[in-house]
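Worksheet: the structure to be examined is printed underneath.
Because the structure is predicted, anything quoted here is derived from the model rather than measured.
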Amino acid sequence: MIISLRCKECRNTLSGAKDEYLFLCSYCKTLYILKEKNFYKIESFIPKNDSEYNILLPFLIMHSGIEYLHFATDRQKEVSIKCGNSPVIAVRAFSMIDPLYFGDLETELTLKLSRSEFPLVLYTPQEKNFTMNIKPEVLERLARYTFMKYFDMQGDITGMEYSFRTESSAILFLRGKTSGNRLILQDVKQELPLSALLST
Amino acid sequence: MYLRTKTAKCPECGAAIKMSNTDEITSCSHCQTPVLIKIENHLPSYIMEPSFGTKDTTSILLSKLRHYLIAGDFIPKSRIVSRTLYYIPFIYTTGFRCGEHIIEEKDRLTQEKTEDTRVIKSAFKTLIPAVKLSGWGTMNIGTDHILNNRNRLRPAGEKSEGEGIMLRPDISSVPKDEINLHFMTHNENIKTEIITENCIIVYYPVIRVVLKYRKNIYHYSIDAVSGSIIYGIAPEAENNRFIPMAAAAFFTALFTGGIGKFLLTSFVGGIILMPVYTLPVFGTFVFLLITFIYMAWIFYRNYGEIVIEREKVEINKLNIPETTFIEKILRPVFKIIEDSIISYRKKNL
């Protein structure tokens, strides 16, 4: 497929690499996600944090909704509605050469976002200092299982039938800084080996 | 790289744009619009930088071989025929195995069956050779070798020409069937799907060294990153030939001694009967003597081989030819001796 790298707003050139799926207009700072054969405008957020950073790690966050629920007990219904009404699911959107380093950060991040443990602020990247190199379609499939696992973690939610749908999606940038061979993710207080990332 | 040129229409002006079989960012030659070309199922290629060149291979190989029980004159007498750097393509895949595990439980008191569903979401990584090379030891290169040296990975386009031979991968897309086979389970209650997150082609550097020793050719695959021998066969040490030679010498001495004594006494007993009585015995003596000398010579000339794979050493079978008529007759004898030698060596390894 062949896609024009012109911004739909200002007709300026979009910056990004050939293996990427997230592009930035360097003039009007609009962020685009490449899905199937088209560019779609996408909002970006960042946790409210005043500390300095030099690396941005993109996560795809999706607001989901439950279309149909069938519960076995009242307790299940109560818990499910509480955590399943408006969960925000986060899946990483950067490639890692060793996925085992990552652990359960996605589920933890989903929990933190759902509990509003750190507030998000609208963020406009000023330069292309991030890389998203996983197909958004793959991320959406991963989000489905992250959502199911998130439900599992709430406990006692079994034997439940539901239909999951994505209402909206956005990009969340987690800030990181390097310290030796480690990449410290400040917002979630976790560390990754820098070399675990395929590209930074 | 094998490039095929195709054309596509510019999304802005409709002019023809040349495109290769890889993802790229280019611009329309007519309206100068920058365009992104994405090829369906295209896998990005990375190349792993070798940590040493082909010139250093000889010293590294010989220093490694010294640690093994190889023939003493192998290192000084072997001659290097060729040293070539190859980049072997592998498909490195990371992803997730996602699905559900239905756990069936039975209540002890009521005997009621209940079902509990658990979500499975585990990450995986696999390395599958993208070319079939027998006798290269490609299966000895695992994901750890890629992960431990990941700082040496570079995009394949940055490689300059003339540094080695890049083998063309036979697989051009994600090997879904092979990955599925890897995670296949017979548990009917586990229903999972494989989500491929990242799939890249990694060209791993392997130096192929060909040595000539006596009249035989030996091939070695050297890991050009770590310097270890991935796969190779070497002639084993002479010490291992001692047992069959000693056995042959023992039987030779036994027969020559016994028959010699008999001949001596029969010679004294009567010269007249010698053509009738002694000559067949003498003939048997000569035949057995030649046979045992021949066996000893065969064991001296032909040596066993050891197979070196990474740090593991395995004994190959004795390299005894069966080309002549006598060797074919002696096959059962060789088999018995070979089995006893191999079992002896395995105890001493």
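When the heavy atoms of residues 21-45 of chain A are compared with those of chain B, the residues falling under 4.5 Å are A:Tyr21, A:Phe23, A:Leu34, listed by number.
Of the atoms belonging to B:Cys199, not a single heavy atom falls under 4.5 Å from chain A. Looking at B:Phe124, only its backbone comes within 4.5 Å of chain A, counting heavy atoms on both sides. Proximity to chain A is limited to the side chain of B:Pro44, based on heavy atoms less than 4.5 angstrom apart. Contacts of A:Thr146 with chain B are made by both backbone and side-chain atoms, with heavy-atom separations under 4.5 Å.
With contacts defined as side-chain heavy-atom distances shorter than 4.5 Å, the pair B:Glu12/A:Arg11 qualifies. Using a 4.5 Å heavy-atom cutoff, the side chains of B:Pro11 and A:Ile3 are not in contact. Side-chain contact between A:Met96 and B:Thr94 is absent, with no heavy atoms from C-beta onward closer than 4.5 Å.
Atoms CE and CD1, on A:Met1 and B:Ile37 in that order, are 11.0 Å from each other to the nearest 0.5 Å. The structure places CG of A:Leu14 at 9.5 Å from CG of B:Leu36, a figure rounded to the nearest 0.5 Å. To the nearest 0.5 angstrom, B:Lys121 atom NZ is 4.0 Å from A:Glu106 atom CD. Atom CD1 of residue B:Ile25 and atom NZ of residue A:Lys18 lie 9.0 Å apart, to the nearest 0.5 angstrom. Distance check: B:Ser27 OG to A:Leu5 CG gives 10.0 Å after rounding to the nearest 0.5 Å.
Salt-bridge check for B:Lys38 with A:Glu20: failed, with every basic side-chain N at 4.0 Å or more from each acidic carboxylate O. Ion pairing of B:Glu197 with A:Lys135 is absent here, as no side-chain N (NZ or NE/NH1/NH2) approaches a carboxylate O to less than 4.0 Å.
Contact record, A:Ser4 with B:Thr33: OG-CG2, 3.5 Å, taken as the closest heavy-atom pair. Nearest heavy-atom pair, A:Arg6 versus B:Cys31, reported as atom, atom and distance to 0.1 Å: NH2-O, 4.3 Å.
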Inset, instruction - Decide yes or no on side chain to side chain contact (heavy atoms under 4.5 Å, CB included) for A:Ile2 and B:Lys9, but give the supporting numbers first. - result: CA-CA 8 Å; A:Ile2 185 162; B:Lys9 283 184 179 179; over 6 Å; no
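Chain A forms the most heavy-atom pairs under 4.5 Å with one residue out of B:Thr196, B:Ile195, B:Ile17, B:Ile146, and that residue is B:Ile195.
Between the side chains of A:Tyr145 and B:Glu193, at least one donor-acceptor pair of N or O atoms lies under 3.5 Å.
Residue B:Gln111 places its CD atom among more than 12 non-hydrogen atoms of other residues, nucleotides or ligands, all under 6.0 Å distant.
Listed by chain and number, the residues in a side chain to side chain contact (heavy atoms under 4.5 Å, CB included) with B:His30 are B:Cys13, B:Ala15, B:Cys28 (sequence neighbours excluded).
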